[in-house]
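Reviewing the structure listed below.
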Amino acid sequence: METTFPMRRIIGDDGRIVDETMKDLLTAELAWRLYTEMNRIRTFDRKAINLQRQGRLGTYAPFEGQEASQVGSALALEADDWVFPTYRDHGATLTFGADMVKTFLYWNGRVEGCVPSKERHIFPPAVPIATQIPHAVGAAWAEQRRGTQNIAVAYFGDGATSEGDFHEGMNFASVFRAPVILFNQNNGYAISVPIAKQMNSETVAQKAVAYGMPGVRVDGNDAFAVYFAMKDAVSRARSGGGPTLIEAVTWRYGAHTTADDPSKYRDQERSRDKADPLTRIELFMKERGIFDEERAEAMRTKHQEEIEQAVAEMERFSKPDPNDLFDHTYAVMPAEVAQQKADYFTLRGN
Amino acid sequence: METTFPMRRIIGDDGRIVDETMKDLLTAELAWRLYTEMNRIRTFDRKAINLQRQGRLGTYAPFEGQEASQVGSALALEADDWVFPTYRDHGATLTFGADMVKTFLYWNGRVEGCVPSKERHIFPPAVPIATQIPHAVGAAWAEQRRGTQNIAVAYFGDGATSEGDFHEGMNFASVFRAPVILFNQNNGYAISVPIAKQMNSETVAQKAVAYGMPGVRVDGNDAFAVYFAMKDAVSRARSGGGPTLIEAVTWRYGAHTTADDPSKYRDQERSRDKADPLTRIELFMKERGIFDEERAEAMRTKHQEEIEQAVAEMERFSKPDPNDLFDHTYAVMPAEVAQQKADYFTLRGN
Amino acid sequence: MATNINQKMTDMTLVQAVTDALRVKLREDGTTLVLGEDVGKNGGVFRATDGLQEEFGEDRVVDTPLSEAGIVGTSVGLAVNGYKPIVEIQFLGFIYPAYEQIMTHVARIRMRTMGAYSVPMVIRAPYGAGIRAPEIHSDSTEALFTQMPGLKVVCPSSPYDAKGLLIAAIEDPDPVLFLESMRSYRSSKEAVPTDKYTIEIGEGKIVREGTDVTLIAWGAMVAVAEKAALEAAEKGISCEVLDPRTLYPLDRELIATSVQKTGRAVIVHEAHAMGGLGTDLVALINDTSFLYLKAPVARVTGFDVPVPLFALEDHYMPTPARVLKSIEQTVHF
Amino acid sequence: MATNINQKMTDMTLVQAVTDALRVKLREDGTTLVLGEDVGKNGGVFRATDGLQEEFGEDRVVDTPLSEAGIVGTSVGLAVNGYKPIVEIQFLGFIYPAYEQIMTHVARIRMRTMGAYSVPMVIRAPYGAGIRAPEIHSDSTEALFTQMPGLKVVCPSSPYDAKGLLIAAIEDPDPVLFLESMRSYRSSKEAVPTDKYTIEIGEGKIVREGTDVTLIAWGAMVAVAEKAALEAAEKGISCEVLDPRTLYPLDRELIATSVQKTGRAVIVHEAHAMGGLGTDLVALINDTSFLYLKAPVARVTGFDVPVPLFALEDHYMPTPARVLKSIEQTVHF
Ligand SMILES: Cc1ncc(C[n+]2csc(CCOP(=O)(O)OP(=O)(O)O)c2C)c(N)n1
Ligand SMILES: Cc1ncc(C[n+]2csc(CCOP(=O)(O)OP(=O)(O)O)c2C)c(N)n1
Ligand SMILES: [Mg+2]
Ligand SMILES: [Mg+2]
């Protein structure tokens with residue numbers, strides 16, 4: 001039985017390597033990939049907040065601060081894997097390959113934003129906390145039954161660990177040895193409730209002991225550490241080794257959602273004291289001499305353009321269609337609903 | 001963090017002391033108390049099965065084999081403590097002070113059997129698995145708020161650990177440091193499902209790690225071991241030390257209920273191979289020279305008489321009263337229900 | 001109404017018809033799975049899955065942990081990824097831990113993804129009072145599910161219907177809650193085709209024709225309504241007995257047609273009056289047949305109190321006597 | 001109707017009235033506790049508990065883990081052991097994890113112990129569409145609870161009613177689900193007594209008197225019904241608007257009296273038609289007022305589809321136009 005859950009780190013706050021054994025694996029290519037994706041989703045996140053402030057987007061759940069956790073985990077996946085995100089994991093889903101226009105549409109209350117692309121298995125964000133965990137277990141179990149090497153990942157927060165569905169999902173994962181990663185982003189808070197009031201255990205990772213499952217605690221602001229912890233878990237899952245619980249210790253810089261005022265419950269001034277995951281990998285790259293400001297600038301421009309274009313597309317998108325209110329509840333519409341639909345359109349005059 | 005969960009034993013299958021440090025505490029008085037109570041509830045249990053076979057009782061859930069767990073735990077309590085049992089814990093509640101006639105009535109589908117006596121805080125048996133666990137936590141928390149030293153105990157089985165309510169209750173217990181004992185009887189089965197299919201963890205006790213709570217694994221057929229493990233946990237709870245999860249490893253000799261056929265799912269012939277908790281303490285007493293066959297015989301006779309008398313009272317009990325169907329749902333009956341009640345009695349002709 | 005009826009018939013109880021339907025689909029469709037507490041080695045606490053694990057293996061007929069949210073939640077993942085879970089909830093009264101999964105996911109995934117994902121699954125659950133089961137085992141809470149758009153709810157009252165409807169439910173592209181009256185499990189036998197056939201979900205049936213009043217009942221209450229109809233006949237009242245069989249979506253046309261013919265309706269159900277499906281039927285009749293009504297629609301239901309412990313359950317349940325009284329009041333209104 | 005009305009009044013929104021009621025009872029009764037997610041330091045996601053932890057301490061106003069079954073289940077233990085938990089479920093759409101606790105324990109402990117134990121507690125939950133909240137936040141599922149004997153269900157539509165009813169709910173010897181329409185939280189202010197007063201649970205009120213048709217609505221739909229009534233008045237139709245305020249037990253007499261006067265009824269609710277409380281009202285009117293009815297009882301409801309993501313929620317909800325059309329159809333039946 002595992003007995004200690006030290007937080008694994010590969011690079012420190014200052015960007016220097018703290019785990020020398022990993023040195024050779026920290027290639028320039030990987031660093032640039034992580035850095036680029038983190039930059040991309042941070043740009044998206046800030047844009048979304050701005051759009052919300054301008055009334056061009058509904059209530060939005062920002063993830064700034066959690067980029068290393070989301071990108072590090074998502075980059076360890078393959079295209080045929082399954083992702084079961086929450087409302088705060090669009091950084092991960094965008095990295096995994098979700099459509100950006102649809103992601104914006106989701107935040108405008110458009111059901112089109114939930115429709116997965118044909119290329120990626122991405123579940124719509126789970127709104128009821130922890131309910132996606134058993135889904136991921138079931139999808140992974142299905143892959144196992146078919147004998148593929150595909151796996152599933154459930155994303156969830158620290159608060160989610162208090163729900164029964166976390167527990168029941170963990171138990172099913174371990175009993176059926178499903179190829180699933182239970183990826184926890186411990187960002188310190190569930191809305192206003194700090195983790196010390198959420199649980200009495202020192203770590204989330206140790207909760208794996210209850211299920212005889214490997215539990216790993218990793219610095220969630222260290223993109224390398226997240227990436228390699230995830231890679232390990234993923235390859236264990238692919239090779240029949242069963243599920244892993246990963247706790248990525250991170251921090252949400254901003255509000256829970258744009259409707260939240262974090263200064264009600266914490267010293268928001270000091271929220272940025274935690275080392276920024278982007279700065280950290282940038283320092284690493286500079287330290288290793290693989291940073292290139294010009295390339296970085298080009299990357300930033302590219303992301304800006306991509307995002308502006310996605311916003312434009314989102315805003316050009318066809319108006320919400322009331323047909324969609326009625327048309328998708330069943331494969332075949334019950335007579336009663338058909339009548340309601342007809343009445344609706346009659347009154348509306350078209 | 002605790003890392004191993006060895007099974008604590010004080011006496012072995014042969015009745016010999018295996019934990020010499022406890023030797024002086026194993027007094028003749030305590031041994032007789034445990035032995036007497038175990039005999040009492042076994043006699044009750046066998047009688048209940050017989051009554052069910054004769055059609056004088058409804059479906060019944062026997063506990064034979066689990067007497068040491070139930071008696072050992074219940075005897076460690078004080079009269080002002082709270083007990084939250086399942087349908088299989090009437091051995092524990094009878095030991096704690098529940099009324100025997102009411103216990104029989106319960107198994108005849110009489111709501112009167114759920115009404116606690118004024119002298120003991122005993123909740124009606126929880127039928128939906130694991131739901132009583134948060135209740136016990138809440139009742140314990142209430143005692144803590146009032147500043148008493150009273151505690152609460154939740155009884156539950158191995159299968160119950162798979163339910164969300166187990167998890168949520170454990171978490172609340174640990175977060176609010178409630179003076180509650182989570183007393184698990186791991187009898188190896190949830191109806192037909194063996195523990196190996198119920199969970200992937202080697203022990204139930206280790207599940208405490210998930211909550212930063214002490215977890216104790218004890219031989220549930222060793223009445224002394226159960227009693228002292230419980231005593232420890234109880235005194236920790238009374239003195240503000242918070243909750244404890246106790247796993248009492250035991251075995252149900254018979255069927256899940258009288259409606260169950262265990263030979264469908266296990267070799268029922270071999271079910272009695274596990275050391276009998278009563279035999280074990282009897283061997284201990286003989287070994288120590290404190291057994292007294294005459295006294296034992298007198299005790300058995302007394303229990304037979306007590307039980308026969310309770311059966312007679314149960315069978316003399318007034319007929320089920322349809323008024324009770326209507327009268328207890330609210331403090332004040334809603335008009336609609338009053339109308340239904342009136343209609344019911346009109347049709348009935350009285 | 002029924003398709004592919006092979007003339008080879010066997011006498012079966014309702015629970016045997018359920019097992020038979022499961023066997024038919026497990027044989028035919030490799031993506032079907034049976035999941036639940038005690039469904040495997042034990043063959044189910046009512047033996048509804050008896051012999052299936054022997055025949056199809058532990059991989060297809062799976063004993064799960066005691067964890068309703070886990071069972072249903074995991075089945076969502078299985079269903080969305082190509083399997084057809086047929087879940088047994090041991091008793092309908094223990095479905096609540098899975099209620100969130102059913103309400104927020106099972107019923108909504110098709111809508112939420114505009115049809116890109118769907119979760120065809122069947123949730124079977126024994127329900128209802130009358131067998132002296134312990135507390136909570138005996139509730140009739142179909143209305144907690146018929147008000148959940150995205151789910152279908154089916155409730156057979158006979159072995160023949162049970163097999164045909166369960167096969168249809170398993171083949172349905174949408175999730176179906178399949179309610180099995182415990183009181184009806186072994187109450188009678190009926191000739192049932194040994195081969196595969198289906199009964200269309202959403203189609204009710206006339207169990208007995210009549211002209212004075214329409215009795216609407218499902219599950220174990222069909223037999224109660226039939227008994228009352230017999231007694232009423234002796235008093236010169238002709239009852240039509242209608243079993244909707246599917247509780248959502250309701251067979252509006254069949255119900256309206258019958259009530260418009262008789263001008264009167266008595267609804268019989270075990271659930272409480274308040275919130276029971278009877279209120280939906282009253283509303284349906286109000287909406288479709290107002291001008292035909294010669295008397296208010298009557299309801300004979302469980303009382304508005306929790307289903308009691310079993311010593312009083314017979315007093316809680318609708319009886320032929322209560323139904324008969326209501327028939328008479330309606331006819332002589 | 002209201003007791004102890006002190007003439008000192010303050011203008012309050014509905015959510016402020018809720019906070020005020022909580023403050024009154026926390027001050028007066030040391031056994032009351034406020035429990036829930038984010039209710040303490042944050043003062044609730046809608047600020048319904050704002051300032052209460054400051055005033056009463058962390059011991060009385062408790063931030064709990066994210067665990068609805070834990071909150072309600074623990075509250076059962078607290079309630080049975082002398083405390084009065086006032087639980088906040090952050091949104092009604094997230095109450096399902098606690099559904100088993102509510103259904104099998106909260107609503108049944110009095111019955112199960114023949115009154116020896118009871119669990120007086122209040123479960124507050126914001127509900128309903130119209131504020132562009134994310135998915136699942138906007139459902140109106142009152143009928144999942146009004147069909148649960150042992151529980152009372154209350155739903156105020158105005159600040160004044162909110163305070164008086166919430167205090168009454170806290171003082172009630174039985175468990176009460178207290179539904180707070182999010183759309184009504186800050187939609188208007190009203191003069192509310194600063195002192196303690198109660199409004200009896202089970203008493204509805206006539207919001208507007210009229211003679212041609214009775215509109216029945218609660219929560220945010222009262223305002224919609226009133227708007228439709230105004231428009232109908234311009235067309236010469238006189239509407240009586242009735243707010244039952246308590247959804248279980250219903251004020252049968254008030255409803256029957258009004259419908260018997262007008263001979264017509266239009267029920268307006270956000271929930272789906274199928275299984276919505278409207279069906280209970282149709283049944284109630286059928287049972288009490290059949291011979292008075294000049295037209296079928298009409299229902300204007302949310303459609304029988306899941307409440308959509310917010311881009312379409314305005315299309316889902318009853319509107320004054322839909323209500324008006326229904327009024328006209330009913331009056332000109
Ligand atoms: C079952 C349920 N209860 C309550 C909520 C309301 N809610 C939304 S987010 C949230 C906090 C979640 O915290 P955590 O799991 O740590 O994730 P984070 O938001 O920090 O990413 C709560 C309570 C919900 N969505 N679902
Ligand atoms: C929520 C719920 N699901 C299912 C059941 C049906 N059921 C009754 S007892 C039981 C097994 C319980 O096993 P365990 O917790 O090990 O206790 P034991 O019976 O062995 O004492 C099951 C599945 C139930 N009562 N409640
Ligand atoms: Mg968090
Ligand atoms: Mg067991």
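Computed from a predicted structure; not experimentally measured. Lettering follows sequence order; numbering is per chain, from 1.
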Go through the steps for D/R299 and C/N286 under the test side-chain contact (heavy atoms from CB on, under 4.5 Å), then give the verdict. CA-CA 11 Å; D/R299 289 174 296 149; C/N286 166 83; 5.7 Å; no

Under 3.5 Å donor-acceptor, C/H272 side chain and C/P306 backbone: no

Identify which part of [X] has an atom lying under 4.5 Å from any heavy atom of chain D, answering side chain, backbone, both or neither.
X	value
C/F94	neither
C/L293	both
C/Q101	neither
C/L151	neither
C/L309	neither

Check the orientation of C/W218 and C/H269. Use parallel for under 30°, tilted for 30 to 60°, and perpendicular for over 60°.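 Tilted, since the angle between the ring planes falls between 30° and 60°.
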
Between D/Y99 and C/Y99, what is the ring plane arrangement, given parallel below 30°, perpendicular above 60°, and tilted in between? parallel

Basic-acidic side-chain contact under 4.0 Å: D/R245, D/D251: no

Out of D/I95, D/T146, D/D304, D/V297, return the one with the most heavy atom pairs under 4.5 angstrom to chain C. D/V297

Looking at chain C, which one of D/A273, D/A295, D/S289, D/P249 has the largest number of heavy-atom pairs inside 4.5 Å, strictly under?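 Top count of heavy-atom pairs under 4.5 Å with chain C: D/A295.
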
Among [options], residue most engaged with chain D (heavy-atom pairs, under 4.5 Å):
options	answer
C/M111, C/E135, C/M148	C/E135
C/P97, C/P308, C/A98	C/P97
C/D280, C/T104, C/V282, C/L281	C/D280

side-chain contact (heavy atoms from CB on, under 4.5 Å) for C/F303 and C/H315? Distances and angles first, verdict last. CA-CA 9 Å; C/F303 299 114; C/H315 301 265; 5.9 Å; no

Would you mind checking which part of D/I285 comes under 4.5 Å of any heavy atom in chain C, side chain (CB onward), backbone (N, CA, C, O), both or neither? neither

Contacting moiety of D/I267, where chain C heavy atoms sit under 4.5 Å: neither

Could you tell me which non-hydrogen atom of D/A169 sits nearest to which non-hydrogen atom of D/F178, and how far apart they are?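 Taking every non-hydrogen atom into account, CB-CD1, 4.3 Å.
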
How close do D/Y316 and D/V305 get, counting heavy atoms only, and between which atoms? CE1-O, 3.7 Å

